[in-house]
Amino acid sequence: MRLPHVDIVKYRSWWFGISLAVTVPGFIAVVLCCFMYGAPLRPGIDFTGGSIMQYQFAKPVKTEDVLITLDDSGFKGSQVQEAEISGQKVIVMRTKALADDKQDELQKKTLDAALQQKFGDFKVLSRDKVSGVVGPELLGSGLLALVITLVAMVLYIRSRFLQFDFAICAIIALFHDVLVLCGIFAIFGLVLGTEVDSLFISAVLTVIGFSVHDTIVVFDRIRENSKFVGSKATDPATGKEYRRTFGDIANDSVNQTLARSIYTSLTVVITLSSLFVLGGVTTRDFVLAMLIGIISGTYSSIFNASALLVWWREKKIGKKAKTVSTTTAVTV
């Protein structure tokens, strides 16, 4: 199916406005989270510490029902997943640590009684405490990986296109996607109490790779078509000839890759949507983060990165023209 021609350059103020409408509330939410939780997002058990309990039940149980029982027993904000150990299905529960050890033990006894009453006999395989120290280490490793990724991408794009503005515009589009993702989850944390764990960092890094991949495809087509800048073309509406500008080339290049970008992203979105609806509770936030990141990455690659590159080139050409004009005036 052929997609309609979209004038990316002409309506770039609209595309930038849509991005601001999403990123500004997200940025405010990130700032509020920093004041309330001491972190840009509401931290989960991986960052705050807690307990990991492995129970083996005699009868099959649903993770959703176990999560409800945990909430009723005072372990709100816990995580439950199903695992397989030595061929046996096991329920793994991750709960937050309580300040008082005696209160923690009392609530665990209350939990055992509630689980016994609701699901029948079970066997406690292990109960381990998780230190919150791993949180800063994990966060530091994630941030380091993010910095290394960004530097490597700048160097690659700079060497690939031999133009520094291509690299800068791609990285700005990349920051847009990260800010959109983190901003939305910051809002979820404030409104819905959504917490982030180590899987969220994995989702962010995956989104970064997907976003840059899509942007490079668009930029590569712009680079290939740049040789036609200044060539003659005919306006289909008026029939008049004109010289094609860099904006015209960028516009045509984006439309040439538009179908490919949308269809590729659509297949990923369909898969992730199925996982979000049919998958387990424990992976739902991870899949949601991927969904938001893929949609944002596709939008920024098509509408933001190319429009930003055209704006950059126009400003650069305007400065050169102004410099030449000033030099000519001084000479005269």
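Here the structure is a predicted model, which means the values were calculated and not measured. Excluded from the calculations below are hydrogen atoms, water molecules and symmetry mates; all remaining heavy atoms, backbone and side chain alike, are included.
- Between the side chains of Thr23 and His176, no donor-acceptor pair is found at a separation under 3.5 Å.
- When all heavy atoms of Ser306 and Ile302 are compared, the pair lying nearest together is OG-O, 2.9 Å.
- Ring-plane geometry between Phe303 and Trp15 is classed as tilted, the angle between the planes lying from 30 to 60 degrees on a 0 to 90 degree scale.
- Looking only at side-chain heavy atoms (C-beta outward), Val90 and Leu125 come within less than 4.5 Å of each other.
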**Request:** Please lay out, stage by stage, how Leu190 and Leu32 fare under the test side-chain contact (heavy atoms from CB on, under 4.5 Å).
**Result:** CA-CA 8 Å; Leu190 294 172; Leu32 290 176; 4.0 Å; yes

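- Heavy atoms of other residues, nucleotides or ligands lying less than 6.0 angstrom from CZ of Phe27 number 12 at most.
- Side-chain atoms of Thr257 come within 3.5 Å of backbone atoms of Val254 as a donor-acceptor pair (strictly under, hydrogens ignored).
- Residue Val30 comes nearest to Cys182 through the heavy atom pair CG2-O, 4.1 Å, listed as atom of the first residue, atom of the second, then distance.
- A distance of 6.5 Å separates OG in Ser226 from CZ in Arg313, rounded to the nearest 0.5 Å.
- The two residues Ala173 and Ser300 make their nearest non-hydrogen contact at O-OG, 3.9 Å.
- Taking each heavy atom of Asn251 and Asn255 in turn, the nearest pair found is O-ND2, 2.7 Å.
- Under 4.0 Å is where a charged nitrogen must lie from a carboxylate oxygen, and between Asp65 and Lys62 no such pair does.
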**Request:** Given side chain to side chain donor-acceptor pair (under 3.5 Å), test Asp248 with Thr245 step by step and report yes or no.
**Result:** CA-CA 5 Å; Asp248 297 326; Thr245 63; 3.2 Å; yes

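- In terms of heavy-atom proximity, Leu181 sits nearest to Ala289 at CD1-O, 3.4 Å.
- Looking only at atom types and distance, the side chain of Tyr55 has a donor-acceptor partner in the side chain of Asp112 under 3.5 Å away.
- Proximity of Leu288 to Phe188: side-chain heavy atoms (C-beta onward) are separated by under 4.5 Å at one or more points.
- A ring-centre distance under 6.0 Å is found for Phe200 and Phe185.
- Taking 4.5 Å as the limit, every side-chain heavy atom of Val196 sits out of range of all side-chain heavy atoms of Asp285.
- Of all non-hydrogen atoms in Thr215 and Ser301, the two that sit nearest each other are OG1-OG, 2.9 Å.
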**Message:** For Arg42 and Thr194: C-alpha separation, side-chain torsions, deciding distance, then whether side-chain contact (heavy atoms from CB on, under 4.5 Å) applies.
**Reply:** CA-CA 7 Å; Arg42 187 168 183 168; Thr194 303; over 6 Å; no

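- Checked options Asn304, Asp177, Val22; the residue passing with Ser296 is Asp177 (criterion: side-chain contact (heavy atoms from CB on, under 4.5 Å)).
- Between Val180 and Ile292, the closest side-chain pair of non-hydrogen atoms falls below 4.5 Å.
- Crowding of Lys118 atom NZ: a count of heavy atoms from other residues, nucleotides or ligands under 6.0 Å exceeding 12.
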**Item:** Val207/Val178 under side-chain contact (heavy atoms from CB on, under 4.5 Å): CA gap, chis, key distance, verdict
**Value:** CA-CA 8 Å; Val207 166; Val178 174; 6.0 Å; no

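- In this structure, the side chains of Ile91 and Gln54 stay at 4.5 Å or more apart for every pair of heavy atoms.
- A salt bridge links Arg260 to Asp214: one of the charged nitrogens lies within less than 4.0 Å of a carboxylate oxygen.
- Contact of the Phe122 side chain with the Gln56 side chain is not registered, since no non-hydrogen atoms from C-beta on lie closer than 4.5 Å.
- Looking at heavy atoms from C-beta onward, Phe219 lies out of side-chain contact with Ser253 at the 4.5 angstrom threshold.
- The side-chain heavy atoms of Val124 and Met53, taken from C-beta on, include no pair separated by under 4.5 Å.
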